[in-house]
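Notes follow once the structure below has been shown.
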Amino acid sequence: MIEVHELVKTYGAKVAVNRLSFAVAEGELFGLLGPNGAGKTTTISVLSTLLPASGGRAVVAGCDVARDPQGVRERIGVVPQEIALYEDLSARDNLLFWGRLYGLGGPDLKRRVEEMLEAVELAEHARQRVGSFSGGMKRRLNLAAGLMHGPQVLFLDEPTVGIDAQARKKILDLIRRLNADGLTILYTTHYLEEAEQLCHRIGVIDRGELAALGDKEDLIRQIGDEDTIRFDLPESLLPEFAEAAARWPGAGAVSHARGLAQLRAADGARILPEIQSWLAARGQSLAHLEVERPNLETLYLNLTGRALRE
Amino acid sequence: MIRGLGALVRKDLLRQLKDAKGFAIYMCVPLLLTFIMGISFGGGVFGESGISAVPLVICGGDLPSVLEDRLAQGLQESGFFQVTWADTAEAARLVSRGDASAALVLPDGLLRDFFSGRAVEVQLWKDPNSAVKAGIVESILAGVMRQYQAGEAAYRALWPEDAFPEAAGEDDAVDALFGGEPDRLLRSLREDATFGREFLDRLERGAVFARTLETPSISLELHDRQDWEAAQGDARQSRNLHDYFLPAFAVFFMMFSAAAMARELHRERETRTLARLLTGPVTVGTVALGKWLTAVIMCSLQLLVLLACGGLLFQLRVGSAPVALLFVSVAAAAAAASVYLALGLVVRTEKAMDALTTVFTLTCGMLGGNFFPVEFMPPALHYAGLVTFNYWANRAFSDLITRGEGLASVTPAIVVLWTIAVVGLVLAIAIFTVRQRKGVAA
């Protein structure tokens, strides 16, 4: 449903998207995960024909974004990161407008508006000015506006930014339902847990480039299925510790960072007693110990050298 | 495209109607200012005295009382002036207190100097706080002077040898005549054959010239408006400068409204609704057309409401050619909407647009005759005004309301306004399209 091949977008000398390639199948919920400024919104802007690409090719719902932008626009729904609604109009008037813009009219339009208001749980507030809505209500209406015309592909650009946990849950539930009904969704986020919970596949994007791509398990496998054990150890003892660890079954690479020794191990729980014994034999107390299972955050750190929320 | 355009216009109109503050600015503030105008200058329901009767004081001149009365009566009957006679000290006091907008100071010995061929200097003292009314007096007086100077020039062209007053050396005799002693003049006529012949020749030529002016073969007939309106069967209408200024003010406020409508495009850009629109099934051309059409509807409505109120409050003759008035209003609104939309797309931010449109509106307002008739300006600026769209709107309204013309008379102005509208709109869409291709439209 979405094919992106070697997509490039530059602003003068600055490269916002650099040779990005991925594909999204029909009915798939695909996530683009990356920190702010990684190129997620630029990618959606190019795919939704708002920005012209500087290079590469993209096809959405069978239409080339450069050659047939009008065809793309008729088939997609876009939910921008900002609340792109008319705050001086009511919720119903907003939805009526977006529906009319896509050619809906008469009873069909009215029925669709009521359906959408029900779906986003705003039916009781239909006559209320959007300007008086809470952040969560605006986000839900923002989503409904992008769904009014029943698009084939939905672009969701960080749709849960700046709202509380309850409102976020409502939106994520709605997105799951839409996807379960067969809607193809491209979802951008910098929230790791959202990508993990929602998306069938995830593309990790950093500085405009695709750093990794696959489902959650695929991605974790890319960094190896190893736990990371960190504990306090003077750096002078590290060579001796590395020598000992090399003899323990399942133990991997040893490193030292920020005053902590770091040991990769296939099964962290099984190797912990060995570490304690080794430390006790040398009169070292264990003030700090942590065991980290492999996750997307680890992957992201490994791939980019920075945390998602940086 | 049509459905998308309809949706855009419907949405924008709904937003305008729901914006009480904006609606107040578009409609109520101009109305409030016209009320203030009415209270300040009078006219219509605000009374007959006021701008239609500029208080003017005349002093000096040593005119015979019969001429004083005739001059006062003539000025009074013109409909523009409320005339009082006073000495120079009283005139200065009246003008400085603002009780008179201007004082016309005739020199002592006016008639004597005139017939002796000496230069006659008439002074006009203006009240600086009553610039508009004093300006009206100055304008009319300058017109009268120009007419007289043209007549004198024509006379001298016909009889260049006629230099009687200078050659005769009989100033004393003329002075004596106006001093009530005609004996010296009569004696000169009898005793000096050359002087007598020249004097009689001059009188004869003067008489012929005067008769020719009275019954010219090609004549310019000037009608007092009251007479003209009486002939039209509308005797209640009085000469009233609101006829000019109220439509000119309405056009001026409409320009600000058109600027505000164009500014909406920047607001939509900032709230990201423009970006969302441009990912929908509409082109930038449709979006621009939607904004333009909304502005045309709102600005036409504003003009028509203000003119209708002018009709009710100031007895503007808005009903004499209603179809023409509607056409002019829509054409003026269309031109304004296009010009401001194009201006709005030239700049990238709302702040820049505010600065640009304010300067543009004030400049066009001045050049196009929204503050005072362009005839008051130097010729170069007068011609510069022709390139402003508001000049054509003002001129068309002036033709309809002040001169009582019909649709045929204002058709050229309507054509010019629509030409500006089409060119401006095409330009706006072209700019918008280029910006979209560059990825900076939204």
Side-chain angles (χ1 to χ4, degrees), chain A residues 9-11 16 41-42 44-54 60 65-66 69-90 92-105 109 129-131 142 145-146 148-149 151 153-155 157, chain B residues 1-25 260-261 263-291 293-294 348 432-442:
Chain A
K9 177 64 192 173
T10 56
Y11 296 101
T41 299
T42 304
I44 281 196
S45 295
V46 172
L47 296 180
S48 62
T49 76
L50 189 61
L51 293 178
S54 308
V60 177
V65 294
Q70 200 62 24
V72 173
R73 289 178 198 141
E74 283 165 9
R75 290 164 176 79
I76 63 169
V78 180
V79 180
Q81 193 176 137
E82 304 83 6
I83 307 293
L85 297 168
Y86 297 100
E87 299 218 338
D88 45 0
L89 297 183
S90 69
R92 177 175 280 121
D93 285 335
N94 264 283
L95 294 185
L96 283 169
F97 164 66
W98 292 107
R100 283 191 193 107
L101 194 73
Y102 283 87
L104 295 178
L109 174 62
R129 272 181 65 249
V130 172
N142 205 30
M148 272 300 296
H149 56 294
V153 179
L154 183 66
F155 293 106
D157 191 6
Chain B
M1 179 196 168
I2 298 297
R3 292 197 81 162
L5 182 63
L8 288 166
V9 173
R10 192 168 171 170
K11 176 262 298 176
D12 281 336
L13 285 176
L14 187 63
R15 293 185 68 207
Q16 294 295 334
L17 294 175
K18 290 203 171 189
D19 179 8
K21 204 186 290 176
F23 193 77
I25 289 169
M261 301 279 175
R263 201 174 296 129
E264 273 299 307
L265 208 53
H266 284 284
R267 297 225 172 105
E268 289 222 30
R269 194 175 170 209
E270 279 162 20
T271 58
R272 304 300 294 161
T273 48
L274 181 59
R276 190 169 204 168
L277 281 176
L278 295 180
T279 62
V282 285
T283 61
V284 284
T286 311
V287 174
L289 206 57
K291 290 286 172 213
L293 209 50
T294 307
R348 299 225 172 148
F432 207 7
T433 305
V434 168
R435 292 184 67 172
Q436 193 201 25
R437 285 187 187 152
K438 287 182 176 175
V440 293

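Throughout, a chain's letter reflects where its sequence line sits, starting with A, and its residues are numbered from 1.
For A/Arg100 against B/Ala7, the heavy-atom pair with the smallest separation is CB-CB, 3.6 Å. Taking both residues in full, the closest heavy atoms of A/Phe97 and B/Leu277 are given as CZ-CD2, 3.5 Å, listed atom of the first, atom of the second, then distance. Contact record, B/Gly439 with A/Pro52: CA-CD, 3.7 Å, taken as the closest heavy-atom pair.
Within the 4.5 angstrom heavy-atom criterion, atoms from both the backbone and the side chain of B/Thr279 approach chain A. Both the backbone and the side chain of A/Val79 come within less than 4.5 Å of a heavy atom of chain B. Of the two parts of A/Ile83, only the backbone, made up of N, CA, C and O, holds a non-hydrogen atom closer than 4.5 Å to a non-hydrogen atom of chain B. For a residue to count as touching a neighbouring chain, one of its non-hydrogen atoms must lie under 4.5 Å from one of that chain's; by this rule B/Glu268 touches chain A with the side chain only. At a 4.5 Å heavy-atom cutoff, B/Leu5 makes no contact with chain A through either its backbone or its side chain. If you measure heavy-atom distances from B/Arg10 to chain A, the contacts under 4.5 Å come from the side chain alone. For A/Asn142, the parts lying near chain B are the backbone and the side chain together; criterion is any non-hydrogen pair under 4.5 Å. Neither the backbone nor the side chain of B/Leu274 comes within contact range of chain A; no heavy atom of the residue lies under 4.5 Å from a heavy atom of that chain. Of the two parts of A/Leu104, only the backbone, made up of N, CA, C and O, holds a non-hydrogen atom closer than 4.5 Å to a non-hydrogen atom of chain B. Neither the backbone nor the side chain of A/Asn94 comes within less than 4.5 Å of any heavy atom in chain B.
Expressed to the nearest 0.5 Å, how far CG of B/Leu278 lies from OG of A/Ser45 amounts to 11.0 Å. A/Tyr86 contributes atom OH, which lies 9.5 Å from atom CZ of B/Arg276 (distance to the nearest 0.5 angstrom). We find the CD-CD distance between B/Glu270 and A/Glu82 to be 12.0 Å, quoted to the nearest 0.5 Å.
No more than 12 heavy-atom neighbours from other residues, nucleotides or ligands sit within 6.0 angstrom of CZ on B/Arg437.
The main-chain N or O of B/Pro281 is found under 3.5 Å from a side-chain atom of A/Gln70 such that the two form a donor-acceptor pair.
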> Could you go step by step and tell me if B/Thr273 and A/Leu85 meet the side-chain contact (heavy atoms from CB on, under 4.5 Å) rule?
Replying inline: CA-CA 6 Å; B/Thr273 48; A/Leu85 297 168; 5.5 Å; no
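Of the listed residues (A/Val46, A/Leu96, A/Val78, A/Leu51), the greatest number of heavy-atom pairs within a distance under 4.5 Å of chain B belongs to A/Val78.
Contact check for A/Leu101 versus B/Val282: side-chain heavy atoms found under the 4.5 Å cut-off.
Taking a cutoff of 4.0 Å between a charged side-chain nitrogen and a carboxylate oxygen, B/Lys18 and A/Asp88 do not qualify as a salt bridge.
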